[in-house]
Amino acid sequence: MLEARLQTGALLKKVLEAIKELITDANFDCSDNGIALQAMDNSHVALVALLLRHDGFEPYRCDRSLALGVNLVSLSKILRCAGNDDIITLKADDTADVLSLTFENTDNDRISEYELKLMDIDSEHLGIPDTTYEAVVQMSSAEFARICKDLQVLSDSVQIDVTKEGVKFAAKGELGSGAVTLKQNGNVDKEEEATLIELQQNVSLNFSLKYLVNFTKATPLASRVSLSMSSEVPLLVEYKMEAGYIRYYLAPKIGEDN
Amino acid sequence: MTMAFSEPQQGSRPTRKAATKAALAIRNDATDSQDDANSPPKVASARSTKADKSEDAFAEIMANRPRIKAVTPQRKTSTLTDAALSDNTYTTGSTLGDAMPDMEDLVAEAAKVRIAGEHSPDYHRFLTTASRQRIHDGLLAWYDINHRKLPWRRDYHSPVKEEDKVPGQRAYEVWVSEIMCQQTQVGTVIPYFNTWMAKWPTIAALAAADIEEVNKVWTGLGYYSRASRLHAGAQKVLKEFNGVLPSDPVLLEKEVPGVGRYTAGAIVSHAYNVPAELVDGNVIRVLSRLRAIGGDVKSPKVIDLHWRVAKDLLNLDRPGCFNQALMEMGAVVIDLKRSRKEAIGASKKRETVDDTDKGTDEKCELCLPETETEGKEQGLVTQYPRKAVKKAPREEEHRTTNTVTGETKSAFLLVKRPEKGLLAGMWEFPTVEQDQLQARHKISSLSTYKQRSESSREYLVDMLGMDLVMSCKDIQRRDLGSVQHLFSHIRKTYHVEWVLVQEETKDQEVKLVKSPKQGVPEIEWLSTDELGAAAIPTGINKTYQLLQKWKESNESLSGGKRKVIGADAAAKKKVKKESENGQATLSAFFAPRAK
């Protein structure tokens with residue numbers, strides 16, 4: 001059985017916000033290591049890999065690995081009933097077909113209990129190879145969100161060029177074109193906003209903005225985001241949390257004018 | 001015995017230099033090596049003092065042969081100590097090598113393991129009685145003790161039975177076993193052989209059998225033409241030779257379908273004890289090591305040389321047993337896949353120059369020059385048999401086929417394949433090669449299900465006069481995906497479509513709408529049970545399993561308690577659309593992983 005108690009319920013709410021647009025149903029794979037989720041979107045273009053490590057919960061208990069098939073929209077609806085300061089406890093029996101959620105508010109002694117029906121989800125797990133990326137850009141997550149949103153006005157896709165000077169996001173569409181360049185700047189006072197580039201080789205890749213914008217729903221989870229790229233392999237967008245991560249993989253667009 | 005291990009260059013890897021030296025030694029000896037036929041084996045040991053290699057080791061083994069088993073432990077120790085004393089690199093090799101049967105040593109001793117250096121073609125032959133006698137005695141002694149018991153063998157371990165005495169009965173058994181063993185491992189053959197013999201104990205019974213039955217029993221062995229040739233052969237032998245296979249290999253090869261030079265040799269020598277030589281892959285492995293034949297074993301001339309050597313080596317007393325001993329050694333001891341490492345230990349440092357067979361000054365043109373890698377193994381028997389170095393990669397044909405599993409509520413539609421070609425005369429689901437379709441439609445690709453299903457519908461109309469779409473109401477069809485089956489030379493992908501048709505379709509006559517070139521194929525509607533019992537090739541069986549799997553998952557979809565979500569058609573459609581505007585999908589990068 002699973003029992004996991006999360007001190008800051010807001011975290012779970014934010015996680016759900018970050019994935020529910022992209023995928024509708026997914027298995028939460030619970031093991032003694034923590035709670036993980038891996039799912040592709042319907043079109044198999046993007047993949048979400050989520051990990052909430054056991055040490056993020058207090059207490060965390062999972063005797064046997066189990067997969068909880070969940071409709072993410074339903075789960076997020078239930079989570080909306082939880083306050084941001086609530087302590088959330090997740091419970092499931094090994095054979096149960098419901099996930100029970102308990103929201104406790106310590107201020108006004110309010111306890112609410114919900115049960116969510118589970119589903120059998122036939123999901124295929126993908127083996128993601130360990131890749132050494134040619135370019136890794138670490139930047140402010142808010143900055144990344146803003147760039148994606150701004151460029152979406154112009155086009156469906158963005159070309160990302162990484163050189164040792166900086167990273168350039170460029171979009172070209174019917175109404176015109178636009179580009180945002182961030183220079184590598186390790187020395188700014190605010191570490192949070194620095195753009196850091198580790199580069200083996202210059203890369204230039206095209207990605208769908210629609211998906212990138214979707215990924216930036218995870219912005220509230222982390223102040224920093226890392227974009228890892230190599231030619232002709234999927235982009236990895238990673239948001240690191242205190243005890244875990246949320247990673248998005250996005251297949252590149254191929255054959256667009258470079 | 002220790003002499004075999006204490007050679008001049010103890011502890012050092014045999015080098016090219018050493019080999020050349022040895023080659024020179026032969027030349028010097030050439031003049032005084034005219035002795036042959038009458039000289040007993042001890043000639044070899046007598047001469048050992050002047051040869052710079054220890055050929056007497058072999059003679060010694062031969063002399064001690066009756067005690068071979070008893071001597072083994074003692075020899076093992078000597079090998080180990082010897083190896084330990086000498087080069088460290090040999091230690092692992094020689095321990096491993098000790099696992100090899102005694103005979104491996106024997107072959108190693110007799111082997112003339114040199115590639116470099118010029119030599120006459122006769123170098124590869126057995127020209128003296130003494131040299132032949134050694135091999136005969138050694139191999140037969142080994143074989144009598146170590147041979148595998150096989151249902152078709154009558155040997156030291158399996159004496160002749162009463163029923164074997166019927167004329168031609170042994171020949172029939174050997175024939176069936178040899179045909180079955182072509183391209184197939186002995187272990188696989190045994191159960192098939194037993195079933196076969198239980199079903200058709202005599203050649204007359206086989207001749208009277210139905211070819212469908214024969215194919216069914218053969219199912220799983222592959223190369224189905226072998227079964228039909230056996231069947232045809234049995235009928236011919238019954239008619240023309242009164243049911244007894246001839247004991248003349250030449251006649252056998254000429255008259256009986258499916259019997260080649262090798263099989264003919266095997267049948268007459270094993271069954272009638274007629275001295276006839278035979279060469280197959282196993283024999284080549286043994287002979288090439290015994291006579292250091294360094295030519296490419298794929299070339300006809302080299303194979304021809306092996307035949308000549310095999311003829312030299314015929315044993316007149318026990319030709320059958322000797323031939324089987326040769327094959328057995330090739331099959332059991334010299335297993336190429338595992339040999340290299342293991343055998344190095346067994347055969348290290350044993351460059352025995354057996355130069356009793358001295359030839360003319362003519363140069364051997366067959367042996368290939370030594371290669372870089374072989375140079376390292378110089379002096380080891382394991383370098384034989386050799387293959388030409390640069391070989392074009394095996395060409396593999398990739399054929400793609402549309403398969404339709406037509407089904408009514410009670411039966412499946414099966415079509416008989418043409419009598420020639422791949423899987424001749426076997427039953428399968430209606431299947432059409434994509435290249436035929438592509439030629440007809442003049443399109444280069446049939447990649448989508450829609451294209452495939454439309455083209456296979458047209459094929460059914462043309463070939464069987466069966467328009468599944470027009471003549472059937474409530475038709476259901478599904479794309480089931482594809483299965484692959486590997487034939488020895490063809491990789492075939494079956495794209496499978498499932499079609500549920502109305503019951504009445506079954507009763508329709510096969511009518512030709514257009515006249516196909518090859519005539520109407522036979523068709524049959526089989527129930528699930530009949531299908532299970534029919535002789536259908538493995539590839540089609542996979543197709544059937546795919547269908548069963550789909551049906552099962554379909555049932556659980558509707559019958560399950562909780563909602564089940566899988567990869568749905570809508571998702572696939574979307575993938576298509578996305579990929580059109582250049583968007584790749586993750587499946588091109590990440591492979592699904594088993595849970």
Side-chain angles (χ1 to χ4, degrees), chain A residues 23-27 29 38-49 65 67-72 74 96-98 117-131 156-157 205-211 230 232-236 248-258, chain B residues 444-445 447-450 452 478-484 493 495-496 498 542 545-595:
Chain A
I23 45 183
T24 51
D25 308 280
N27 281 324
D29 298 309
Q38 193 206 72
M40 275 194 284
D41 79 308
N42 265 342
S43 55
H44 291 201
V45 169
L47 179 142
V48 182
S65 300
L68 307 173
V70 166
N71 178 289
L72 296 176
S74 313
D97 39 13
V98 290
K117 282 188 188 159
L118 296 175
M119 303 182 302
D120 273 338
I121 296 170
D122 183 18
S123 71
E124 57 177 0
H125 269 242
L126 296 181
I128 298 166
D130 270 335
T131 313
D156 290 341
S157 59
L205 285 160
N206 277 298
F207 297 102
S208 160
L209 271 170
K210 185 182 81 187
Y211 286 96
S230 282
E232 290 173 14
V233 308
L235 159 77
L236 163 61
Y248 299 94
Y249 292 87
L250 177 60
K253 285 191 155 195
I254 297 163
E256 295 238 321
D257 48 329
N258 288 322
Chain B
S444 56
S445 146
S447 49
T448 68
Y449 169 60
K450 204 178 155 200
R452 283 205 306 270
R478 282 285 183 315
D479 185 10
L480 297 187
S482 59
V483 289
Q484 279 209 355
T493 309
H495 293 286
V496 190
W498 170 80
K542 284 184 187 170
Q545 280 159 10
L546 185 74
L547 175 65
Q548 292 305 107
K549 217 169 124 192
W550 173 74
K551 281 186 172 169
E552 275 166 26
S553 69
N554 220 19
E555 273 162 26
S556 64
L557 191 76
S558 50
K561 216 164 82 183
R562 296 194 282 182
K563 200 174 142 199
V564 178
I565 293 160
D568 47 308
K572 285 203 177 127
K573 223 178 229 168
K574 201 155 176 206
V575 174
K576 192 100 256 162
K577 208 179 133 209
E578 289 282 354
S579 61
E580 271 159 20
N581 68 32
Q583 175 66 62
T585 60
L586 285 171
S587 37
F589 305 98
F590 303 148
R593 176 177 76 189
K595 275 178 207 170

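Numbered from 1 within each chain, the chains take letters A, B, ... in sequence-line order. Computed from a predicted model, the values in this text were never measured in an experiment.
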Peer 1: For residues B:Gln583 and A:Pro252, report the shortest heavy-atom separation together with the two atoms involved.
Peer 2: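 Reported closest heavy-atom pair: NE2-O, 3.4 Å.
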
Peer 1: Apply side chain to side chain donor-acceptor pair (under 3.5 Å) to A:Ser65 and list each qualifying residue two or more places apart in sequence or on a separate chain.
Peer 2: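 By the side chain to side chain donor-acceptor pair (under 3.5 Å) rule, A:Ser65 matches no residue at all.
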
Peer 1: Checking B:Phe590 now: which residues fulfil ring-ring contact (aromatic ring centres under 6.0 Å, His included) with it, not counting sequence neighbours?
Peer 2: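 Once residues adjacent in sequence are excluded, the partners of B:Phe590 under the ring-ring contact (aromatic ring centres under 6.0 Å, His included) criterion are A:Tyr249.
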
Peer 1: So which atom in A:Ala251 and which in B:Ala584 form the shortest heavy-atom distance, rounded to 0.1 Å?
Peer 2: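 Closest approach of A:Ala251 to B:Ala584, heavy atoms only: CB-O, 3.1 Å.
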
Peer 1: Mind checking the CG-CZ spacing from A:Leu47 to B:Phe589? Nearest 0.5 Å is all I need.
Peer 2: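 Those atoms lie 12.5 Å apart.
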
Peer 1: Atom OG1 of B:Thr585 and atom CG of A:Asp41: how far apart are they, to the nearest 0.5 Å?
Peer 2: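 One gets 10.0 Å once the value is rounded to the nearest 0.5 Å.
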
